[in-house]
A.B. asks: 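Shown below is the structure under consideration.
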Number of protein chains: 2
Amino acid sequence: MKLAYKVWLNQNGKAFGEGPYQLLRGIDRNGSLRKAAAEIGMSYNQAWHLIRTIEGRLGFPLIQRQVGGSSGGGSVVTSRGRLLMESYKVFREEVREVLEQLYEKHFGEMFRAE
Amino acid sequence: MKLAYKVWLNQNGKAFGEGPYQLLRGIDRNGSLRKAAAEIGMSYNQAWHLIRTIEGRLGFPLIQRQVGGSSGGGSVVTSRGRLLMESYKVFREEVREVLEQLYEKHFGEMFRAE
DNA sequence: GGGCGTTATCCTTATTTAAGGATAGCGATA
DNA sequence: TATCGCTATCCTTAAATAAGGATAACGCCC
């Protein structure tokens, strides 16, 4: 038995969460949405739709696109995107810690004896 | 913008969460799975499958069934079911409080100015 | 101007999950 | 023994979500 959870920002639907966070991290490392998606086992298709959708809900762009060019193009995380990404990074870690504590407090004993 | 989340116990899939909790509460009040389901807008079908599935995952019964009888039958929450229900009640409340605090801490400022 | 890899879309097909209808069986009680 | 409301299932349909193929456009660079 263990605790499971999902946490996300909501504004007319999911506006930011684990998926977008991982995607932004990958873009940051690779300079490419396509590569970032491949890296986390997500189809480019899905990744593209995801970023597009949540940008619409957030109301500001998370990445700056470069279509064409010597390397074919690429994407970089915007400053607001980076700010959100960094905040979420700390937030998710603190959430993880506190939820583990609460689980232990309320259910640890109940499910340890089995 | 606001925080959204789901928290549940997992053992070979969802083993307990908000849905089952509300269902147990309803059974406690009504003495009937059917009435409890109707009360929270869930079909009896779905409710029956839900209870059955999570009982399998938990490994112990949440309710005791009475098939037939003067009133047609009914269900009552078992003692272990009640224990789980009560623990979850407090757990979920503390989760709510702490997640609200963390959201405020990390995103309150970011999304207040808009 | 041709090549290349990326972004930008569209569209079709699976897969999963939700919804709901239908029906049998049960057993205390009147 | 007939009634009544509930549990126990099965089965079909609908809806939402995921998966993935296909293709156009773009623009630096050789």
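Just so it is clear: chains get the letters A, B, ... in the order the sequence lines come, proteins before strands, and each one is counted from 1.
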A.B. asks: How long is the line joining CH2 of B:W48 and P of C:dC26, in whole Å?
C.D. replies: 15 Å
A.B. asks: Determine, step by step, whether A:E18 and A:Q22 satisfy the side chain to side chain donor-acceptor pair (under 3.5 Å) criterion, reporting the C-alpha distance in whole Å, the side-chain angles of both residues, the deciding distance to 0.1 Å, and the verdict.
C.D. replies: CA-CA 6 Å; A:E18 191 62 22; A:Q22 294 296 340; 2.8 Å; yes
A.B. asks: Tabulated below should be each protein N or O lying under 3.5 Å from an N or O of nucleotides 13-18 of chain D; please produce it.
C.D. replies:
none

A.B. asks: Applying ring-ring contact (aromatic ring centres under 6.0 Å, His included), can you list everything that pairs with B:Y103, at least two apart in sequence or on another chain?
C.D. replies: B:F107
A.B. asks: Roughly how many Å is it from NE2 in A:H49 to P in D:dA19, rounded to a whole number?
C.D. replies: 13 Å
A.B. asks: Give a yes or no on this: more than 12 heavy atoms of other residues, nucleotides or ligands lie within 6.0 Å of atom CD of A:E104.
C.D. replies: yes
A.B. asks: So does B:L24 get a backbone contact from the side chain of B:D28, meaning a donor-acceptor N/O pair under 3.5 Å?
C.D. replies: no
A.B. asks: So, B:Y88 versus B:F16, ring centres under 6.0 angstrom or not?
C.D. replies: yes
A.B. asks: Look at A:E93 together with A:R96 and state whether they make a salt bridge at an N to O cut-off of under 4.0 Å.
C.D. replies: yes
A.B. asks: Please determine whether residues A:W8 and B:V7 belong to a single hydrophobic cluster, defined as Ile, Leu, Val, Met, Phe, Trp and Tyr linked transitively by side-chain heavy-atom distances below 4.5 Å.
C.D. replies: no
A.B. asks: Give each protein N/O atom lying under 3.5 Å from an N/O atom of nucleotides 12-17 of chain C, with the pair distance.
C.D. replies:
none

A.B. asks: Nucleotide by nucleotide, 5' to 3', does protein get under 4.0 Å of the base (B), only the sugar-phosphate (S), or neither (-) in nucleotides 22-30 of chain D, counting heavy atoms?
C.D. replies: ----BBBS-
A.B. asks: What integer distance in Å separates B:L33:CG from D:dA8:P?
C.D. replies: 8 Å
A.B. asks: Return yes when atom CD of B:E86 has more than 12 non-hydrogen atoms of other residues, nucleotides or ligands closer than 6.0 Å, and no otherwise.
C.D. replies: yes
A.B. asks: Say whether A:V67 and A:I51 are linked into one hydrophobic cluster, either directly or through other cluster members, by side-chain heavy-atom distances under 4.5 angstrom.
C.D. replies: no
A.B. asks: Picking from D:dC6, C:dA8, C:dT6, which would you name as closest to the side chain of A:S32?
C.D. replies: C:dT6
A.B. asks: Please report, rounded to the nearest Å, how far the P atom of C:dG20 is from the CG atom of B:L50.
C.D. replies: 16 Å
A.B. asks: So, using side-chain contact (heavy atoms from CB on, under 4.5 Å) as the criterion, who are the partners of B:E94 when residues are at least two apart?
C.D. replies: A:L102, A:K105, A:H106, B:V90
A.B. asks: Kindly point out which of C:dT9, D:dA8, C:dT6 is positioned nearest to the side chain of A:K35?
C.D. replies: C:dT6
A.B. asks: Does anything in residues 14-23 of chain A come within less than 4.0 Å of DNA chain C? Heavy atoms only, and list the residues if so.
C.D. replies: none
A.B. asks: Test your reading of the model: is there a side-chain donor-acceptor pair from B:R57 to the backbone of B:K14, 3.5 Å cut-off?
C.D. replies: yes
A.B. asks: Contact between A:R25 and A:K89 at the side-chain level, heavy atoms closer than 4.5 Å - yes or no?
C.D. replies: no
A.B. asks: Checking B:R65 side chain against B:S75 main chain: does a donor-acceptor pair fall under 3.5 Å?
C.D. replies: no
A.B. asks: May I ask you to verify if any side-chain N or O of A:R65 is less than 4.0 angstrom from the OP1 or OP2 atom of C:dT6?
C.D. replies: no
